[in-house]
Amino acid sequence: MKRLATGTAVTAAATLGYAVGVERRRFTLRTADLPVLAEGARPLRVLHISDLHMLPGHEAKQRWVAELGRLEPDLVVNTGDNLSHPRAVPAVLRALAPLLDRPGLFVFGSNDYYAPKPKNPARYLMPKGRRTRVHGPQLPWRDLRAAFVEHGWHDLTHVRRTLTVAEQTVVATGVDDAHLDRDRYSDVSGRPGGAPALRLGVTHSPEPRVLDPFAADGYDLVLAGHTHGGQLRVPGFGALVTNCDLDRSRARGVSRWGSHMWLHVSAGLGTSPYAPARFACPPEASLLTLVPRGATPHTAENPAPRRAVGNVR
């Protein structure tokens, strides 16, 4: 019995050491083909970045994200939670600098508005209605927004925009963070008119109450983050939690939502500084190749963008 207890303790310690010391730094580029464009449209390459949770000292993460600029996407979509520290704005801008001259869209999440605070991890296993929301000090999200907008990225917070991406029309609509109950879909509701190549929805937290109206209004694709893919996944079982009302099976990656719309949830590139561990869920950015409807979806993972620049499959 003593040997079993010792062996269990050693295994747990080794697993925790891997989750904290190795996997949370194993940055991965996930790629996918999504059949969401109108018939006859040309493929679009969308880089989805989420949940950087940047600290000023995250130099390896900054270098890795900066390398993503070599992918030369047609569009960059940032689904929030960029910050984890009051002085992290310069670090985020250094990481994203090679991408800021590409067409870009963004919404913010809770960890753009408020700094993280220590929390009991068991609270994530509690029913959502029984949790007490804990906020840290306000973060300089206005400074980050100003920098993004100055570089030409579009703030989609309760806004619908029509833009040209790779000579094709995209209608993009976003909402504020549903995790903080700041979403007001009614401000942007209604089916987008015209005949765009893509109707794109953007939200930080993939709450069903937000996804359902996007689907009802005829959107082709919604991009979201927030879940960290579960952050700690059990092989063969998947995510234990999503930290929202989304079901566990959709905690990361591609899924269908309704008969028409697709959903992509990024597992994100960071963690809270008070829970710096990932297991069976490496930090990720996603390069999505959008193709006309009727094509067959394809997904893959690439451990480093340097390998993926020449061959993203």
Side-chain angles (χ1 to χ4, degrees), residues 25-37 41-54 58-82 91-107 144 147-148 151-154 156 163-168 170 172 197-198 200 202 220-225 228-229 252-254 262-270 281-292 295-313:
R25 296 183 176 92
R26 191 165 68 84
F27 303 114
T28 299
L29 180 69
R30 185 182 297 273
T31 64
D33 295 344
L34 291 179
V36 297
L37 298 183
R42 295 186 301 279
L44 293 174
R45 299 167 77 243
V46 176
L47 181 63
H48 183 188
I49 292 176
S50 196
D51 297 87
L52 286 166
H53 291 282
M54 191 71 77
H58 282 168
E59 295 179 2
K61 186 190 299 184
Q62 293 167 42
R63 290 192 297 269
W64 191 89
V65 173
E67 286 290 331
L68 296 173
R70 304 172 89 188
L71 298 170
E72 298 184 348
D74 298 311
L75 178 67
V76 181
V77 180
N78 181 314
T79 49
D81 272 11
N82 295 276
V92 171
L93 297 178
R94 279 195 298 272
L96 295 175
L99 296 165
L100 289 173
D101 62 350
R102 316 293 302 184
L105 309 169
F106 68 94
V107 294
L144 186 61
F148 283 173
H151 282 88
W153 281 16
H154 297 289
L156 288 186
L163 57 154
T164 301
V165 178
E167 301 182 347
Q168 301 185 88
V170 173
L198 173 69
L200 175 66
V202 182
D220 304 302
L221 172 65
V222 169
L223 302 184
H228 296 189
R252 71 175 181 188
V254 175
W262 289 80
L263 170 67
H264 181 263
V265 178
S266 172
L269 282 159
C281 189
E284 68 175 39
S286 300
L287 183 66
L288 309 175
T289 300
L290 311 187
V291 296
T296 302
H298 172 82
T299 61
E301 289 185 3
N302 298 275
R306 287 184 184 274
R307 294 187 203 171
V309 170
N311 179 13
V312 297
R313 291 289 168 255

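Just the heavy atoms: all of them, side chains too, but no hydrogens, waters or symmetry mates, feed the values below. Just so you know, these numbers come straight off a predicted model, no measurement behind them.
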Answer with yes or no whether the side chains of S50 and T79 bring together a donor and an acceptor at under 3.5 Å. yes

In short, V254 meets A32 closest at the heavy-atom pair CG2-CB, 4.2 Å

How long is the span from the CD atom in Q62 to the CG atom in L93, to the nearest 0.5 Å? 10.0 Å

Mind checking whether W262 and P35 have side chains closer than 4.5 Å, heavy atoms only? yes

Rounded to the nearest 0.5 Å, what separation is found between the NE2 atom of H151 and the CG atom of L96? 10.0 Å

Check G225 against V265 and note the closest heavy-atom contact, atom names and distance. O-CG1, 3.8 Å

Without swapping roles, check the side chain of R45 against the backbone of L71 for a donor-acceptor pair under 3.5 Å. yes

Roughly how far, to the nearest 0.5 Å, is CZ of F27 from CD of E67? 12.5 Å

Using a 4.5 Å cut-off on heavy atoms from C-beta on, say whether the side chain of L37 contacts that of D220. no

Residues that H264 engages under ring pair (Phe, Tyr, Trp, His ring centres under 6.0 Å), provided they are two or more places apart: H48

Would you sort out whether L99 and I49 count as a side chain to side chain contact (heavy atoms under 4.5 Å, CB included), showing the intermediate values? CA-CA 11 Å; L99 296 165; I49 292 176; 3.6 Å; yes

Give a yes or no on whether a salt bridge exists between E284 and R252, defined as a side-chain N under 4.0 angstrom from a carboxylate O. no

Check step by step if side chain to side chain contact (heavy atoms under 4.5 Å, CB included) holds for F106 and V77. CA-CA 6 Å; F106 68 94; V77 180; over 6 Å; no

Donor-acceptor check, side chain of S286 to backbone of L288, threshold 3.5 angstrom: yes or no? no

For L290 and L221, what are the C-alpha separation, side-chain angles and deciding distance, and is it a side chain to side chain contact (heavy atoms under 4.5 Å, CB included)? CA-CA 10 Å; L290 311 187; L221 172 65; 4.0 Å; yes

Does any N or O in the side chain of W153 come within less than 3.5 Å of the main-chain N or O of R102, such that one atom is a donor and the other an acceptor? yes

Output for pair (L44 CG, E167 CD), nearest 0.5 Å, gives 11.0 Å

Might you work through the side chain to side chain contact (heavy atoms under 4.5 Å, CB included) test for L52 and V65, ending with a clear yes or no? CA-CA 9 Å; L52 286 166; V65 173; 3.9 Å; yes

Minimum-distance pair of heavy atoms, taken over all atoms of V165 and D74: CG1-O, 3.5 Å

Test salt bridge (charged side-chain N to carboxylate O under 4.0 Å, His left out) applied to R94 - qualifying residues, sequence neighbours left out: none

Just by distance, do the side chain of R42 and the backbone of A166 share a donor-acceptor pair under 3.5 Å? yes

Rounded distance [0.5 Å steps], CG in N78 versus CG in L105: 10.0 Å

Any donor-acceptor N/O pair, K61 side chain to M54 backbone, under 3.5 Å: no

Spatial distance of atom CG (L144) from atom CG (N82) [nearest 0.5 Å]: 5.0 Å

Using every non-hydrogen atom in the two residues, find where T28 and P282 come nearest and quote the distance to one decimal. OG1-CB, 3.6 Å

Shortest non-hydrogen contact from L156 toward V202: CD1-CG2, 3.7 Å

Between L287 and L29 the two heavy atoms that sit nearest each other are N-CD1, 4.0 Å

Report yes or no: does D51 contribute a side-chain atom to a donor-acceptor pair with the main-chain N or O of L269 at less than 3.5 Å? no

Quick check, are the ring centers of H58 and H53 under 6.0 angstrom apart? no

